[in-house]
Amino acid sequence: MNFSSKLLENAVAEFAKLPGVGQKTALRLVLHLLNQDKQDVEQFSKAISKLRNEIQFCSVCHNISDQSVCEICSSHKRDHSLICVVEDTRDVMAIENTNQYNGIYHVLGGLISPMDGIGPSDLQVDTLVERLKANETKEIIFALSATMEGDTTLFYLHKRVKSFNITISTIARGIAFGGELEYVDEITLGRSIATRVPYENSLTK
Ligand SMILES: [Zn+2]
């Protein structure tokens, strides 16, 4: 692409770094911003730099948070004996939207994927084990995507936690949901949490 302005080229190059955004889309977005009020664009860039600079990860569950301990972990209304293990913050949002889960979470920060060079040490696995050692947990629910990475992670995590005297469940995965949790509709996801099964049973599906 030949640009008439270096400023334009730089901005397009930055947008094109975003996932799923090619040069053409990047150019369209940048031109759109040029048509906005300067104030609005200022607000847009402020929101992004504030997001990156000020966001925190909950020191308990590792979910994205504005405080060092997130609202869910610090709530007395939640059942702290129930931990739902998910891949990332999108899954927490999806499960929260079902309004059917009252426990707390543990956000792994990804899934084990040897193809992408992501191993257990890249994820919040040790901190999960540490949480279980605190002896407050009665049940752990694995709510991971029904993909190869999800299954690999589930298998590994089960090995790590099976020695604890707790119930280990997985969300009902027999229902045809297309892989990624975040795309599952709320009713299906809510139901699959309510009808969760012991991990062992899930292996003989
Ligand atoms: Zn938290």
Side-chain angles (χ1 to χ4, degrees), residues 55-114 116 118-173 177 179-184 186 189-203:
I55 209 104
Q56 303 191 47
F57 291 90
C58 172
S59 59
V60 181
C61 72
H62 311 290
N63 194 17
I64 291 171
S65 168
D66 288 342
Q67 297 101 29
S68 60
V69 176
C70 76
E71 277 180 22
I72 295 173
C73 287
S74 50
S75 167
H76 300 298
K77 291 181 185 152
R78 311 287 299 215
D79 181 354
H80 286 248
S81 72
L82 188 57
I83 296 180
C84 183
V85 178
V86 296
E87 176 183 352
D88 68 26
T89 196
R90 290 171 296 181
D91 303 325
V92 175
M93 290 164 75
I95 293 171
E96 285 299 289
N97 279 336
T98 68
N99 286 317
Q100 293 202 37
Y101 178 69
N102 192 40
I104 52 176
Y105 294 92
H106 189 88
V107 179
L108 293 170
L111 294 174
I112 295 171
S113 175
D116 301 312
I118 302 170
S121 61
D122 299 308
L123 309 175
Q124 296 290 352
V125 175
D126 290 342
T127 50
L128 174 65
V129 175
E130 286 305 313
R131 287 179 76 181
L132 299 183
K133 281 182 188 164
N135 252 341
E136 282 167 15
T137 311
K138 290 198 185 100
E139 181 178 358
I140 187 166
I141 306 167
F142 292 117
L144 303 175
S145 298
T147 56
M148 197 158 70
E149 289 81 12
D151 283 343
T152 306
T153 309
L154 183 58
F155 185 74
Y156 174 80
L157 288 177
H158 181 253
K159 268 201 311 194
R160 291 288 303 269
V161 306
K162 68 180 176 192
S163 60
F164 290 95
N165 186 24
I166 51 174
T167 305
I168 301 169
S169 332
T170 63
I171 57 170
R173 290 148 64 97
F177 54 74
E180 309 285 344
L181 269 192
E182 55 168 324
Y183 298 126
V184 182
E186 286 158 19
L189 182 57
R191 200 189 296 135
S192 66
I193 292 172
T195 60
R196 61 185 179 270
V197 293
Y199 174 74
E200 274 79 8
N201 294 8
S202 76
L203 293 175

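For the pair Asn102/Leu82, no side-chain contact is recorded, criterion being any heavy-atom separation below 4.5 Å from C-beta on. Counting heavy atoms from C-beta on, the side chains of Phe142 and Leu157 come closer than 4.5 Å. In this structure, the side chains of Val129 and Leu132 stay at 4.5 Å or more apart for every pair of heavy atoms.
Asp88 and Arg90 get closest at one heavy-atom pair: OD2-NH2, 2.7 Å. In this structure, Ala143 and Ile95 approach most closely via the heavy-atom pair CB-CD1, 4.1 Å. Of all heavy-atom pairs spanning Ser81 and Asp79, the tightest one is OG-OD1, 2.7 Å. Annotation for Ile112 and Pro120: closest pair CD1-CG, 3.9 Å, computed over non-hydrogen atoms. Looking at every heavy atom in both residues, Ile171 comes nearest to Arg196 through CA-CB, 4.2 Å.
Partners of Arg78 by side chain to side chain donor-acceptor pair (under 3.5 Å), not counting sequence neighbours, listed by chain and number: Glu96. Partners of Asp116 by side chain to side chain contact (heavy atoms under 4.5 Å, CB included), not counting sequence neighbours, listed by chain and number: Ser113, Ile118. Residues satisfying the salt bridge (charged side-chain N to carboxylate O under 4.0 Å, His left out) test with Lys77, not counting sequence neighbours, are none. Partners of Asp126 by side chain to side chain donor-acceptor pair (under 3.5 Å), not counting sequence neighbours, listed by chain and number: Arg160. For Ser74, the side chain to side chain contact (heavy atoms under 4.5 Å, CB included) partners are Val69, not counting sequence neighbours.
We find the NE2-CD1 distance between His158 and Ile168 to be 4.0 Å, quoted to the nearest 0.5 Å. The line from CG of Asn135 to CG of Asn165 is 8.5 Å long, rounded to the nearest 0.5 Å. In this structure, Leu128 CG and Leu108 CG are separated by 7.0 Å, a value rounded to the nearest 0.5 Å. Here the straight-line distance linking atom NZ of Lys138 with atom OG1 of Thr167 works out to 10.0 Å at 0.5 Å rounding.
Looking at Asp151, its side chain never comes within 3.5 Å of a backbone N or O of Met148 through a donor-acceptor pair. Side chain of Ser75 to main chain of Ile72: no donor-acceptor pair is present (N/O by atom type, distance under 3.5 Å, no hydrogens or angles). Within the 3.5 Å criterion, the main-chain N or O of Glu149 finds a donor-acceptor partner in the side chain of Thr153. When atom types are taken as modelled, the side chain of Tyr101 and the backbone of Cys84 share a donor-acceptor pair closer than 3.5 angstrom. Under the 3.5 Å distance criterion, the side-chain polar atoms of Ser145 are left unmatched by any main-chain donor or acceptor of Thr147.
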Query raised in the report: Can Ile140 and Phe164 be said to form a side-chain contact (heavy atoms from CB on, under 4.5 Å), step by step?
Result: CA-CA 10 Å; Ile140 187 166; Phe164 290 95; over 6 Å; no
Requested in this report: Show your reasoning for whether side-chain contact (heavy atoms from CB on, under 4.5 Å) applies to Leu111 and Thr152.
Outcome: CA-CA 8 Å; Leu111 294 174; Thr152 306; over 6 Å; no
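If you run side chain to side chain contact (heavy atoms under 4.5 Å, CB included) between Ile83 and each of Ile104, Val161, Ile166, Ile141, only Ile104 comes through.
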What side-chain donor-acceptor pairs closer than 3.5 Å can you find for residues 56-65, not counting sequence neighbours?
unit_1 : atom_1 : unit_2 : atom_2 : d
Gln56  : NE2    : Asp66  : O      : 3.3
Ser59  : OG     : Ser68  : O      : 3.2
His62  : NE2    : Gln124 : OE1    : 3.4
His62  : NE2    : Thr127 : OG1    : 3.1
Asn63  : OD1    : Thr89  : OG1    : 2.6
Ser65  : OG     : Gln67  : N      : 2.9
Ser65  : OG     : Gln67  : O      : 2.8

